[in-house]
Protein chains: 4
Amino acid sequence: MKHTIFKGAAIAVATVGMLSFSDVHAQKVPTPPKMVPEMTEFWEPEPRVVTPGTNITAPPSDAIVLFDGKNLSEWKAKSGGTEATWPVKNGEFTVGKGDISTKREFGDFQLHIEWSAPDKVEGQGQGRGNSGIFLQDRYEVQVLDSYNNRTYSNGQAASVYKQHRPLVNAMRKPTEWNVYDVIYTAPRFKEDGSVFTPARVTVLHNGVLVQNNVEVKGPTEYIGLPAYKAHGKAPITLQDHGNPVAFRNIWIREL
Amino acid sequence: MKHTIFKGAAIAVATVGMLSFSDVHAQKVPTPPKMVPEMTEFWEPEPRVVTPGTNITAPPSDAIVLFDGKNLSEWKAKSGGTEATWPVKNGEFTVGKGDISTKREFGDFQLHIEWSAPDKVEGQGQGRGNSGIFLQDRYEVQVLDSYNNRTYSNGQAASVYKQHRPLVNAMRKPTEWNVYDVIYTAPRFKEDGSVFTPARVTVLHNGVLVQNNVEVKGPTEYIGLPAYKAHGKAPITLQDHGNPVAFRNIWIREL
Amino acid sequence: MKHTIFKGAAIAVATVGMLSFSDVHAQKVPTPPKMVPEMTEFWEPEPRVVTPGTNITAPPSDAIVLFDGKNLSEWKAKSGGTEATWPVKNGEFTVGKGDISTKREFGDFQLHIEWSAPDKVEGQGQGRGNSGIFLQDRYEVQVLDSYNNRTYSNGQAASVYKQHRPLVNAMRKPTEWNVYDVIYTAPRFKEDGSVFTPARVTVLHNGVLVQNNVEVKGPTEYIGLPAYKAHGKAPITLQDHGNPVAFRNIWIREL
Amino acid sequence: MKHTIFKGAAIAVATVGMLSFSDVHAQKVPTPPKMVPEMTEFWEPEPRVVTPGTNITAPPSDAIVLFDGKNLSEWKAKSGGTEATWPVKNGEFTVGKGDISTKREFGDFQLHIEWSAPDKVEGQGQGRGNSGIFLQDRYEVQVLDSYNNRTYSNGQAASVYKQHRPLVNAMRKPTEWNVYDVIYTAPRFKEDGSVFTPARVTVLHNGVLVQNNVEVKGPTEYIGLPAYKAHGKAPITLQDHGNPVAFRNIWIREL
């Protein structure tokens with residue numbers, strides 16, 4: 001680095017009563033001069049103000065509300081571009097025919113979503129209360145009734161499906177609502193389409209950490225090994241797996 | 001890798017009706033044979049069951065409750081090894097004389113802690129409602145009344161003090177309770193004492209993401225630049241900064 | 001994930017003589033069926049062929065040669081857009097007036113560069129054989145005669161200047177040539193200009209690892225703390241620090 | 001953070017002719033006071049001196065020489081604890097019966113190793129000039145005659161076998177020597193045996209970057225998916241795959 005001669009700087013320091021650097025020339029090791037507190041105090045940029053919700057599950061002021069109990073106006077059928085037709089009732093909606101996706105597309109985000117396994121317990125393993133939340137339409141956080149329902153660990157509720165089992169099983173029983181709080185970092189790709197950084201995801205299940213910034217290996221595959229393909233922003237997709245899983249209180253904050 | 005001869009493996013594959021590999025010898029590029037779903041289904045280990053609290057702020061079944069509204073039996077004075085004497089009243093406690101630390105020591109953890117700035121608004125900047133939560137007794141998540149109270153960004157509530165400003169200001173007003181949910185990964189050190197991986201921290205402030213797995217630069221310094229020194233497990237410490245900040249509902253899960 | 005019913009998949013597996021999954025219904029834990037070797041053998045894409053140089057310091061076939069001993073046609077004055085005028089002689093060039101930059105701009109790359117401190121030893125500390133290699137015109141790998149010449153550790157040869165000292169001092173004496181092999185990953189930025197991933201750099205000094213994928217903290221600053229600003233591809237810049245450091249055999253491979 | 005009152009610090013700063021902080025009280029945004037260069041100059045610790053080899057392939061002064069052309073005294077049979085019996089001749093050794101391992105065990109390291117595919121070209125694909133270098137006895141950097149010899153990309157020379165194909169194919173022809181320079185970071189494990197950070201590896205093949213700090217997925221598996229098991233320091237192992245691959249000039253530096 002270009003700089004003024006060393007001696008001059010030492011003099012400037014000395015005048016403020018800090019260490020003299022004159023002994024450098026005798027090959028002694030200088031101690032860096034003491035800083036003042038303000039040197040590590042940065043005022044800009046100022047974080048913008050966000051008004052939190054009335055409780056920590058309610059949408060903060062900068063959230064996009066994806067479902068507030070009334071209608072699916074933020075959603076569409078995943079295929080065909082038609083409106084989402086899953087039934088809405090009593091402030092919640094239930095899985096209907098075909099996957100649905102948000103009309104908006106997202107990159108990095110924080111997502112809050114609540115869901116409930118069917119009240120009537122039917123089937124077992126992957127056949128009980130199965131749905132899924134596909135981040136950027138590709139990377140599935142599993143939805144399943146994992147209350148007293150053993151399946152493969154990397155396919156139970158709150159797994160990154162077939163990639164990462166949850167750290168613990170924090171499932172509530174049917175008739176109760178589960179909460180997922182998801183922090184998602186989208187993958188980045190190089191110009192040649194190869195992956196630069198993989199997607200990462202943190203999940204809290206009912207307030208309990210179950211995925212800690214894990215590395216997503218690629219798009220969710222039911223059969224075989226995942227492999228990334230470059231993409232941009234993409235919707236959140238909810239899966240129709242044939243079970244009447246219910247959802248409510250969904251909001252997202254772009255990061 | 002040591003392996004059976006290639007041709008034999010190709011035959012084994014062929015017998016199950018998958019791709020023949022005989023064309024390898026003609027320099028064609030084989031497609032990997034199709035897997036079956038069960039090949040990516042891993043049952044062991046089974047995630048242990050954790051019963052979530054009655055709501056997502058209540059301690060789950062595997063949490064160590066550090067304050068449940070009754071007493072400071074999990075805490076001691078930071079210096080001197082004596083009991084913690086901060087006043088407990090109405091299910092909360094208020095900052096008293098001297099920092100206090102947990103009796104237990106922690107490595108990686110998830111921490112839930114609620115706090116409230118003093119009802120009576122006094123002072124400004126760093127002088128208003130100042131306290132702090134020191135992770136492993138060294139790395140401070142700032143506690144400050146940042147409601148309509150400008151200070152340096154990397155010193156406001158939910159900053160990693162003098163290292164990372166919060167992504168947004170999600171502060172509630174005095175008389176209301178704030179919630180921090182903290183995911184903490186302890187630093188790791190090499191045998192020679194140098195840092196192998198720095199500490200990392202994620203913070204949700206009132207349910208809003210404010211620190212996203214940021215890299216802690218070293219122990220919090222009021223003056224000058226941080227520098228790691230090797231250490232093992234260590235307590236959570238709460239700071240006496242002379243302001244009557246209140247705390248309640250504190251629990252921690254070891255990760 | 002949508003999938004065929006579980007039982008059907010189990011049958012498919014059974015027919016190839018692998019594990020039966022019928023015992024799942026008795027709550028036993030299945031072991032994933034054995035894969036065949038070809039399932040983890042991926043033929044595409046095929047890595048392109050690069051012909052290495054005649055020795056490991058010579059440019060491989062895909063390198064852009066930035067100096068082959070003849071002229072500075074790949075370089076220009078950093079300021080003013082004029083030709084580079086540093087003197088070329090005997091297959092090497094020596095620092096002249098003003099910094100010089102490559103005409104080309106680079107993102108991620110592997111860089112090979114050889115340099116020699118002035119034969120005549122003059123000055124001390126930062127005043128002896130000082131120059132610098134600025135990756136993307138911003139991030140300096142220090143060039144200095146660090147042979148028996150103590151200075152601050154994070155300012156000696158092969159330091160990331162004022163950010164990371166080298167792991168060891170692998171300096172050759174004046175009259176000898178030093179080799180830097182640099183692996184550089186450019187920083188990535190978010191749409192709002194904030195840093196997504198910082199730059200990273202690995203340096204081998206005379207074949208000895210001195211920087212191991214360290215995180216660059218921001219543009220090199222002689223005074224104060226570094227802070228990133230978003231940028232795209234940028235040249236390699238060599239610094240005129242007033243000392244007649246010599247350079248030769250410079251090549252780069254885009255990654 | 002505990003600190004002296006703000007006003008006092010502001011005065012100290014003011015006396016040295018820097019910014020006055022008195023305007024803070026008027027809610028103006030202060031600029032941090034200017035630092036002096038010495039504040040970011042750190043003299044300790046001083047990097048120890050390493051004398052590089054006579055060229056960048058020769059062992060530096062702090063390397064452990066694992067083969068200098070004379071004998072296999074640093075090696076043993078991998079199984080059985082007996083001496084390594086691979087034939088040594090003309091300053092090189094050739095693959096013999098059974099894998100061999102270093103007597104020493106290593107954690108993080110830089111490894112230099114040279115090898116040559118058999119002069120007589122026989123077989124094809126994995127059958128031509130196959131051997132392997134197992135880092136920590138588990139993680140294989142592939143050795144194969146990949147000169148005009150197509151195989152699966154993640155199994156050719158310089159692949160992390162069945163995990164990462166090389167970025168490019170920098171293979172020299174038989175009768176010539178190849179050089180691998182390997183930078184290896186060992187995996188770290190949590191107390192419960194799960195992986196904390198996976199192993200990472202950088203490889204230069206004949207001076208060309210082919211693996212750039214890639215994440216090792218687990219121990220090399222010929223069949224199926226890799227899965228980590230906790231371990232400590234471990235030897236370097238060379239594989240007997242039945243082909244007379246030659247090795248020479250092997251040295252390692254512990255990091």
Side-chain angles (χ1 to χ4, degrees), chain A residues 32 34-53 55-58 60 62 108 110 112 150-156 162-163 165-172 178-179 181 183 185 200 202 204-210 212-213 221-225 253 255, chain B residues 32 34-53 55-58 60 62 108 110 112 150-156 162-163 165-172 178-179 181 183 185 200 202 204-210 212-213 221-225 253 255:
Chain A
K34 203 159 190 281
M35 295 170 61
V36 296
E38 292 76 9
M39 287 173 178
T40 49
E41 296 172 0
F42 296 99
W43 293 68
E44 297 292 350
E46 181 181 2
R48 66 185 163 80
V49 171
V50 170
T51 306
N55 60 66
I56 68 169
T57 64
D62 66 344
D108 306 331
Q110 174 185 359
H112 177 94
R150 185 84 165 99
T151 184
Y152 40 98
S153 304
N154 64 349
Q156 70 182 55
K162 293 214 164 180
Q163 298 191 17
R165 65 174 181 275
L167 293 168
V168 295
N169 180 347
M171 185 77 193
R172 288 192 192 284
N178 287 276
V179 180
D181 288 290
I183 302 163
T185 304
R200 288 196 167 266
T202 292
L204 293 146
H205 184 189
N206 297 322
V208 177
L209 182 72
V210 287
N212 189 0
N213 199 43
E221 296 290 351
Y222 175 55
I223 296 175
L225 305 175
R253 297 178 59 247
L255 299 177
Chain B
K34 202 156 191 278
M35 294 170 61
V36 295
E38 291 77 7
M39 287 173 178
T40 48
E41 296 172 1
F42 296 98
W43 293 67
E44 297 292 352
E46 180 181 2
R48 68 187 161 77
V49 171
V50 169
T51 306
N55 60 67
I56 68 169
T57 65
D62 65 345
D108 305 332
Q110 175 185 0
H112 177 94
R150 185 84 165 98
T151 186
Y152 40 96
S153 304
N154 63 350
Q156 69 182 57
K162 293 212 165 178
Q163 298 191 15
R165 64 175 182 275
L167 294 169
V168 295
N169 180 347
M171 185 76 193
R172 290 192 190 281
N178 287 275
V179 179
D181 287 289
I183 302 164
T185 304
R200 289 196 166 265
T202 293
L204 294 146
H205 184 189
N206 297 321
V208 177
L209 183 71
V210 287
N212 189 359
N213 199 43
E221 296 290 350
Y222 175 55
I223 296 174
L225 305 174
R253 297 177 59 247
L255 298 178

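This is a predicted model, so every value here is computed, not measured. Order of the sequence lines sets the chain letters (A, B, ...), proteins ahead of strands, with each chain counted from 1.
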Just give me the residue among [options] that pairs up with chain A most often, heavy atom to heavy atom, under 4.5 Å.
options                                : value
B:Leu255, B:Thr202, B:Val49            : B:Val49
B:Pro52, B:Pro60, B:Gly155             : B:Pro52
B:Leu167, B:Leu209, B:Asn178           : B:Leu209
B:Arg200, B:His205, B:Arg253, B:Lys162 : B:Lys162

What part of [X] gets within 4.5 angstrom of chain B, counting heavy atoms only: side chain, backbone, both, or neither?
X        : answer
A:Asn213 : side chain
A:Val168 : both
A:Leu204 : side chain
A:Pro166 : both
A:Gln156 : side chain
A:Ile183 : side chain

Going from CH2 on B:Trp43 to OG1 on A:Thr151, what distance comes out if it is rounded to the nearest 0.5 angstrom?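 Output value for this atom pair is 4.5 Å.
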
Please name the pair of heavy atoms, one in B:Asn169 and one in A:Pro47, separated by the smallest distance, quoted to 0.1 Å.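 Looking at all heavy atoms of both residues, the shortest contact is N-CB, 3.9 Å.
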
Tell me the closest heavy-atom pair linking A:Gly224 and B:Thr40, and the distance in Å.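 Taking every non-hydrogen atom into account, O-CG2, 3.8 Å.
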
Ion pair present between B:Arg150 and A:Glu41, side-chain N to carboxylate O less than 4.0 angstrom?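 Result for this pair is no, no salt bridge flagged.
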
Could you go through A:Lys34 and B:Glu221, starting from their C-alpha distance and side-chain angles, then the distance that decides it, and tell me whether this counts as salt bridge (Lys or Arg N to Asp or Glu O under 4.0 Å)? CA-CA 12 Å; A:Lys34 203 159 190 281; B:Glu221 296 290 350; over 6 Å; no

Return the option, out of A:Leu225, A:Thr185, A:Asp62, with the maximum number of heavy-atom pairs under 4.5 Å with chain B.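 Looking at each of A:Leu225, A:Thr185, A:Asp62 in turn, A:Leu225 comes out on top.
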
Contact winner vs chain B - A:Met171, A:Glu46, A:Arg48, heavy-atom pairs under 4.5 Å: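 Ranked by heavy-atom pairs under 4.5 Å with chain B, first place is A:Glu46.
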
Are any non-hydrogen side-chain atoms of B:Phe42 and A:Ser153 less than 4.5 angstrom apart?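 No, their side chains stay 4.5 Å or more apart.
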
Partner of A:Ile56 under side-chain contact (heavy atoms from CB on, under 4.5 Å), chosen from B:Asp181, B:Val208, B:Asn55: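 One option only clears the test, and that one is B:Asp181.
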
